[in-house]
Amino acid sequence: CAHAVRLNSNGSFDSCIVSPVTPFSGFNGQVLAITDDASGAIWAGGTFTSYNGTSLGKLVKLKSDLSLDLGFVAGFGSGLNATVYDVEPDGSGGAFVAGDFTTANGNSVYRVVRYSSTGQHLSSFAAPSSVDATVFDIKLGLNGVLYVGGNFASRLIALNPTDGSL
């Protein structure tokens with residue numbers, strides 16, 4: 001099972017999706033978060049560790065035909081060490097990512113990270129240590145604030161999307 005399909009607006013299966021890999025193997029685990037950005041890229045996160053046979057660390061950026069964005073994969077490195085529950089485009093081609101992970105590309109993090117469009121973990125964004133439990137939802141508000149919700153003590157916080165400060 002590939003764990004991913006694309007549907008037409010009427011709910012029928014989109015048979016025009018052609019994978020560059022034959023046979024199409026898709027994800028090897030659960031996809032728990034999926035979104036698209038203004039460029040048409042598709043971001044997916046979850047429990048998976050590969051897509052069409054390419055090793056990934058719980059996050060992937062795809063082109064609209066579901067093929068890998070190889071520019072993202074090249075910069076992504078070892079990725080995240082645990083489940084991704086949400087992905088939110090950052091408006092500049094990258095994305096904020098939330099979940100149960102505590103490392104991103106081998107660096108210690110507090111369950112919310114930011115990646116560039118080319119797969120680089122942007123360490124200039126650092127969620128505070130109070131985000132010490134699973135994050136299930138993130139949303140970049142119209143007011144420019146990153147809202148973060150999860151199992152940590154306050155359950156909901158607002159972060160500066162540039163550096164992660166409260």
Side-chain angles (χ1 to χ4, degrees), residues 3-4 26-63 66-141 143-166:
H3 300 279
F27 297 96
N28 72 337
Q30 294 175 313
V31 175
L32 301 172
I34 189 163
T35 191
D36 58 357
D37 64 23
S39 74
I42 301 162
W43 295 81
T47 64
F48 55 87
T49 57
S50 72
Y51 179 77
N52 279 351
T54 299
S55 291
L56 302 164
K58 318 279 193 289
L59 178 69
V60 66
K61 183 179 178 188
L62 304 171
K63 297 177 183 177
L66 300 183
S67 65
L68 283 170
D69 180 329
L70 296 177
F72 181 84
V73 172
F76 188 55
S78 60
L80 302 159
N81 70 325
T83 303
V84 169
Y85 287 106
D86 202 9
V87 181
E88 175 76 4
D90 68 5
S92 67
F96 296 97
V97 182
D100 200 30
F101 49 84
T102 55
T103 63
N105 295 35
N107 300 307
S108 292
V109 297
Y110 290 104
R111 294 175 178 82
V112 179
V113 295
R114 188 176 185 182
Y115 279 95
S116 72
S117 63
T118 59
Q120 300 297 313
H121 167 230
L122 299 176
S123 59
S124 59
F125 175 89
S129 60
S130 59
V131 184
D132 58 359
T134 304
V135 172
F136 293 106
D137 199 21
I138 52 177
K139 177 68 177 165
L140 188 58
N143 59 357
V145 172
L146 182 67
Y147 296 100
V148 178
N151 264 351
F152 48 92
S154 65
R155 306 288 192 225
L156 177 66
I157 58 174
L159 301 179
N160 178 323
T162 303
D163 63 9
S165 62
L166 291 169

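Side chains are part of it too, since the values below use all heavy atoms of this structure and drop only hydrogens, waters and symmetry mates. Here the structure is a predicted model, which is why all the values come from computation and not from measurement.
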For the pair Val97 and Val112, evaluate side chain to side chain contact (heavy atoms under 4.5 Å, CB included) and give the outcome as yes or no after the intermediate values.
CA-CA 6 Å; Val97 182; Val112 179; over 6 Å; no

With the side chain counted from C-beta on, respond yes when [X] and [Y] share a heavy-atom pair under 4.5 Å apart, and no when they do not.
X: Phe96; Y: Pro161; answer: yes
X: Tyr51; Y: Leu66; answer: yes
X: Arg111; Y: Asp100; answer: yes

Closest non-hydrogen atom pair, [X] against [Y]:
X: Ile138; Y: Ala98; result: CG2-CB, 3.6 Å
X: Val145; Y: Ala158; result: CG1-CB, 3.3 Å
X: Leu159; Y: Gly164; result: CD2-O, 3.4 Å

Does any N or O in the side chain of Ser116 come within less than 3.5 Å of the main-chain N or O of Gln120, such that one atom is a donor and the other an acceptor?
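Indeed, once roles are kept as given, a pair shorter than 3.5 Å links the two residues.
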
With distance as the sole test, does Asn52 use its side chain to make a donor-acceptor pair with the main-chain N or O of Gly26 at under 3.5 Å?
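Such a contact is found between Asn52 side chain and Gly26 backbone.
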
side-chain contact (heavy atoms from CB on, under 4.5 Å) with [X]: which residues, sequence neighbours excluded?
X: Val109; value: Phe101, Ala104, Val113, His121
X: Asp36; value: none
X: Ser165; value: Asn160, Asp163
X: Phe152; value: Val131, Asp132, Ala133, Val135, Val148, Ser154, Ile157

Rounded distance (nearest 0.5 Å) linking atom [atom1] of [X] with atom [atom2] of [Y]:
X: Leu56; Y: Leu68; atom1: CG; atom2: CG; answer: 6.0 Å
X: Ile34; Y: Leu62; atom1: CD1; atom2: CG; answer: 7.5 Å
X: Leu70; Y: Lys63; atom1: CG; atom2: NZ; answer: 6.0 Å
X: Thr54; Y: Phe76; atom1: OG1; atom2: CZ; answer: 12.5 Å
X: Thr162; Y: Leu122; atom1: OG1; atom2: CG; answer: 11.0 Å
X: Leu156; Y: Tyr147; atom1: CG; atom2: OH; answer: 8.5 Å

By ring pair (Phe, Tyr, Trp, His ring centres under 6.0 Å), Tyr85 pairs with (sequence neighbours left out) Phe136

Restricting to side-chain hydrogen bond (donor to acceptor under 3.5 Å, both in side chains), what partner residues turn up for [X], sequence neighbours left out?
X: Asn105; value: Tyr115
X: Ser123; value: none
X: Ser55; value: none
X: Ser130; value: none

With no hydrogens and no angle check, do the side chains of Thr134 and Asn151 hold a donor and an acceptor under 3.5 Å apart?
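On atom types as modelled, these side chains do not qualify, holding no pair under 3.5 Å.
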
Per the salt bridge (Lys or Arg N to Asp or Glu O under 4.0 Å) rule, what does the pair list look like for residues 78-92, sequence neighbours excluded?
Glu88-Lys139, Asp90-Arg114

According to salt bridge (Lys or Arg N to Asp or Glu O under 4.0 Å), does anything in residues 45-59 pair up with another residue at least two apart or in another chain? List the pairs.
none

Residue pairs involving residues 37-49 (criterion side-chain hydrogen bond (donor to acceptor under 3.5 Å, both in side chains); sequence neighbours excluded)
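Residue pairs with at least one partner in residues 37-49: Asn28-Thr49, Asp37-Ser39, Asp37-Trp43.
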
For atom CZ of Phe125, is the number of surrounding heavy atoms from other residues, nucleotides or ligands below 6.0 Å larger than 12?
yes

